[in-house]
Structures are given as C-alpha cells and as structure tokens.
Amino acid sequence: MSALDLLALCRRELELCKVTPGETLAVLSGPNTRQDYVDAFLAAGQQLGAEVFNLNLPAPVKSFGTPTTALGAVWGRSALTGHRSGVEVLKKANILIDLIGLLHSPEQVEIQKAGTRVLMVVEPPEILERMLARPNSRARSEAAGRRLAAARTLRFTNDAGTDITYELGQYKPIVQYGFTDEPGRWDHFPGVFAYTWPNEGRSHGKIVLREGDIIFPFKEFVRSEIHITVKDGFIENIEGGFDAMHLKHFFEAWKDPDAYAMAHVGWGLDEMALWNGISLIDKESAIGQDGRAFYGNVLWSTGPNTDVGGSRDTPAHLDIVMKGASLYLDGEPMVLNGDVIPDDMRIERP
C-alpha cells in the first residue's frame, strides 16, 4: 500500500472515530512499531484539525519473565508497563492510537477511565483495508451485545462432542466494530464481534477442538482432536495427540494457575474476515484478526479478565476459534453450525 493510500485509509478510520478539530490525538509507538503507521495517523489527525503527538517508548529495561515475547503472545505487559509519566500524558488525549498493544493491561484501563478513547491498530495494511468497518457493522455488533447483556447462560457445542455452559451476569459484554467514537471506549481496528466473561468459577463442561479450529497466539490450525475438560471455571484436563501436548506445554510454561481460567467467549460477525487468513499472512506481522472475527465463528479464551473489572491480570492468554460450532444464549441459538441466526446480526450471503 502506498503512503498516500495508507494516509487515506487512516483518515477514513479517524472519521469513523469522529476525530474533530481541537481534539488531542496521541499515537503510542514502541521499538517494533511500523513507522508508516505513526506518520499516517499523525498526518490524518492533522488533516482533521486535531492537535497530534507521538509518544515513542523504548523497550522495557526489565524482562517480564514470560516464556515468549512473540507478537500477540503476551498481553497486559508492554513498554508502557510501570511508565507513570507516559500514562499521565496519554490520559490527557481525547483519542489514543495504540500501536503497541495495551490490551488487558492496567495502564489501558486507567487511560480509558480518564475518558480517552483507545483504538488498537497492529494488523498489516491490507487487512485493515479489507476489514474496514461497513455501514452495518456497529448495529450488528451492538445487537449481539444487547443479547449477551440480557442472557444468564451461554452454551456452545459442536459435532465433535463439545458441550460447555457458562453462567453470565457478573461482567458486562464488550462489542467490537473496528472504531471508537465514545469517551473511554476501546476498540480494535479491524474486526466485528461480541463477547463476555463467565461468572467466576461458573463454567463447566467439555470442549473438543477439531481440524480447522484455530489457536492464537500459535496462529495455527488444529490438526488433531484436543479434548478439554472445564470445571469450576478452570481447565482441569487436556487430552489428545500432538496438538494437545503442544497446548498443555503452553499452559505449563507460564507456571501460573490463572493461565487455566476461562475468560471471554463470544462469536464473530465480520463477513470480510477470512477463516483461512492465517495461511495468507506473515505470522510475525499480524496477530490474526481474520481468524478471531470471521462470520459465524465461536471464540473462547483463557487468562485475564481485567478489561471488565476482574482481578486476573495474567499475561498468559489464548484465543481459541471454533469453525462450524453452535452457540446459544438462554437456549436461543445465536450461531448454528457456523451460521449466524438472529436477523439483526446476520448478513445475506450471495
């Protein structure tokens, strides 16, 4: 993508975020940030009349003691961790363009509470362009969010034997539609989906991952069945062949009981996202929004819950995406065998 095209794309995104003259726009970058993104968002903000600045942070002096530092593999720890002056500066901005990935961090929560809207942007430009929010993206995502907020149970299944139930109500749902125009709201450009967290200790059942499901941050398809037992909100047992062994090793490497906790769960609504997107990208340049957001997926996760006021701030986090699964809220189908059911969320495929 040319510099001019990237500038135009960033401007369209900031227009969706309703950046207006006189607002303060901050771009947060670090040692691994794309400089063309910094330049494009700063220039786009200036075109819209905003007062702009770039806070570029060095790599942390101390290691976080995590077993990996790969892109998208560690959340809640970043160059902003413990950087008080940086946090205070960013709290004064109207909108923060997060190019380093503050998700699941106490710093992001504090910045949001100050009223700053936060937009995370880390995917390559071709994915940003293809998955830019469409006119109905917000409405469909918010419709899903309303269903989640009203539900008291969430159950998902698949033909391989999955049957797990989450009790809901302790935490508010989060909806993503790829832009943020409300004070204190976070979103991730791009992606359209909705999710919530289970009540503490109140998820039980069995999950069977099968060929074609995706594990992040591995950014790999499952190729053999993995049988997972969940009891009282935590993964209790993992069985299977190589894929199961690989997954077990990931959990064990963290040496953190909270790594096994069941975290957010929901479904994808993005018709422009590709199930096989991870086959088409440089895995070191993307975190996998295609897989996380594709239309009709069921996504469940493990680890932190600080985004919604919980106390688990572990950096160990998995997003696991299931293709062709079904998800029910209070017994009503939201997704059946990979197809979105409610009229206010579905799209008509050609």
Side-chain angles (χ1 to χ4, degrees), residues 70-76 98 101-104 108 118-134 137-138 140-141 144-145 148 154 156 158 173-180 186-197 207 209 212-222 247 250 262-305 307-308 315-325 327 334-335 338-340 345 347:
L71 178 65
V74 178
W75 294 104
D98 170 22
L102 298 178
L103 186 60
H104 303 312
Q108 176 178 298
V118 180
L119 184 73
M120 186 166 81
V121 188
V122 291
E123 293 288 58
E126 60 271 19
I127 295 177
L128 300 181
E129 182 178 45
R130 171 166 46 82
M131 292 174 60
L132 184 72
R134 276 75 61 204
S137 295
R138 180 173 187 167
R140 292 191 297 112
S141 180
L148 282 167
L154 181 154
F156 65 86
N158 69 4
I174 290 180
V175 298
Q176 291 182 219
Y177 39 83
F179 60 92
T180 175
W186 172 89
D187 211 315
H188 186 178
F189 172 36
V192 185
F193 50 106
Y195 49 95
T196 192
W197 275 255
I207 300 172
L209 302 179
D213 294 341
I214 308 170
I215 300 178
F216 293 101
F218 302 169
K219 304 172 192 173
E220 292 179 356
F221 291 110
V222 173
L247 186 60
F250 173 87
M262 302 303 285
H264 62 77
V265 58
W267 64 98
L269 292 165
D270 200 319
E271 71 274 25
M272 299 306 295
L274 302 174
W275 159 69
N276 65 335
I278 58 171
S279 300
L280 309 172
I281 61 170
D282 173 3
K283 292 183 181 181
E284 291 304 311
S285 70
I287 66 169
Q289 283 300 92
D290 270 305
R292 287 178 167 91
F294 73 83
Y295 185 81
N297 78 22
V298 171
L299 186 155
W300 61 277
S301 74
T302 61
N305 63 358
D307 305 68
V308 285
H317 179 57
L318 285 172
D319 283 336
I320 299 183
V321 181
M322 300 175 69
K323 187 178 189 295
L327 184 148
M334 300 293 108
V335 179
D339 189 24
V340 177
M345 301 175 212
I347 57 166

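Along the sequence shown, the residues carry numbers beginning at 1.
- In terms of heavy-atom proximity, Ala194 sits nearest to Ser141 at CB-O, 4.2 Å.
- For the pair Asn305 (side chain) and Ala263 (backbone), a donor-acceptor distance under 3.5 Å is absent.
- Summarising the geometry, atom CG belonging to Leu102 is positioned 8.5 Å from atom CE belonging to Met120; distances are rounded to the nearest 0.5 Å.
- What you find for Tyr295 and Val340 is that their closest heavy atoms are OH-CB, 3.4 Å.
- Checked by atom type and distance alone, the side chain of Asn158 never pairs as donor or acceptor with a backbone atom of Gly324 at under 3.5 Å.
- Only one option out of Val335, Val298, Leu299 pairs with Phe156 in a side-chain contact (heavy atoms from CB on, under 4.5 Å); it is Val298.
- Closest of all the heavy-atom pairs between Ala286 and Ile281 is CB-CD1, 3.6 Å.
- Closest of all the heavy-atom pairs between Trp197 and Pro304 is NE1-O, 3.2 Å.
- Checked by atom type and distance alone, the side chain of Asn297 pairs as donor or acceptor with a backbone atom of Gly291 at under 3.5 Å.
- Taking each heavy atom of Lys219 and Ile278 in turn, the nearest pair found is O-CD1, 3.6 Å.
- With a 4.5 Å cut-off on side-chain heavy atoms, His264 and Val308 do not count as touching.
- Not a single donor-acceptor pair under 3.5 Å links the side chain of Tyr195 to the backbone N or O of Ser301.
- In this structure, CG in Leu209 is found 5.5 Å from CE in Met322, a value given to the nearest 0.5 Å.
- Annotation: the span from Arg134 atom CZ to Met272 atom CE amounts to 6.0 Å, rounded to 0.5 Å.
- Interatomic distance, Thr302 OG1 to Asp319 CG, rounded to the nearest 0.5 Å: 8.0 Å.
- With contacts defined as side-chain heavy-atom distances shorter than 4.5 Å, the pair Trp300/Ile207 qualifies.
- A salt bridge links Arg140 with Glu271: at least one charged nitrogen is closer than 4.0 Å to a carboxylate oxygen.
- Between Trp186 and Gln176 the shortest side-chain heavy-atom distance falls below 4.5 Å.
- Side-chain contact between Leu148 and Leu154 is present, with heavy atoms from C-beta onward closer than 4.5 Å.
- Listed for the Glu123 side chain is a donor-acceptor partner under 3.5 Å among the backbone atoms of Gly288.
- Within the 4.5 Å cutoff, the side chain of Thr180 has no heavy atoms near those of the Val118 side chain.
- Here the closest non-hydrogen pair linking Phe216 and Arg292 is CB-NH2, 3.4 Å.
- Looking at residues two or more places apart in sequence or on another chain, you find a side chain to side chain contact (heavy atoms under 4.5 Å, CB included) between Ala273 and Met131, Asp270, Asp290, Ala293, Phe294.
- Asp307 meets the salt bridge (Lys or Arg N to Asp or Glu O under 4.0 Å) test with no other residue; sequence neighbours excluded.
- Note on ring orientation: taking the six-membered ring where Trp is involved, the planes of Trp275 and Phe221 are tilted (angle from 30° to 60°).
- From Ile215, atom CD1 reaches atom CD1 of Ile320 across 5.0 Å, with rounding to the nearest 0.5 Å.
- Looking only at side-chain heavy atoms (C-beta outward), His188 and Ile287 come within less than 4.5 Å of each other.
- Distance alone, capped at 3.5 Å, places no donor-acceptor pair between the Gln289 side chain and the Gly191 backbone.
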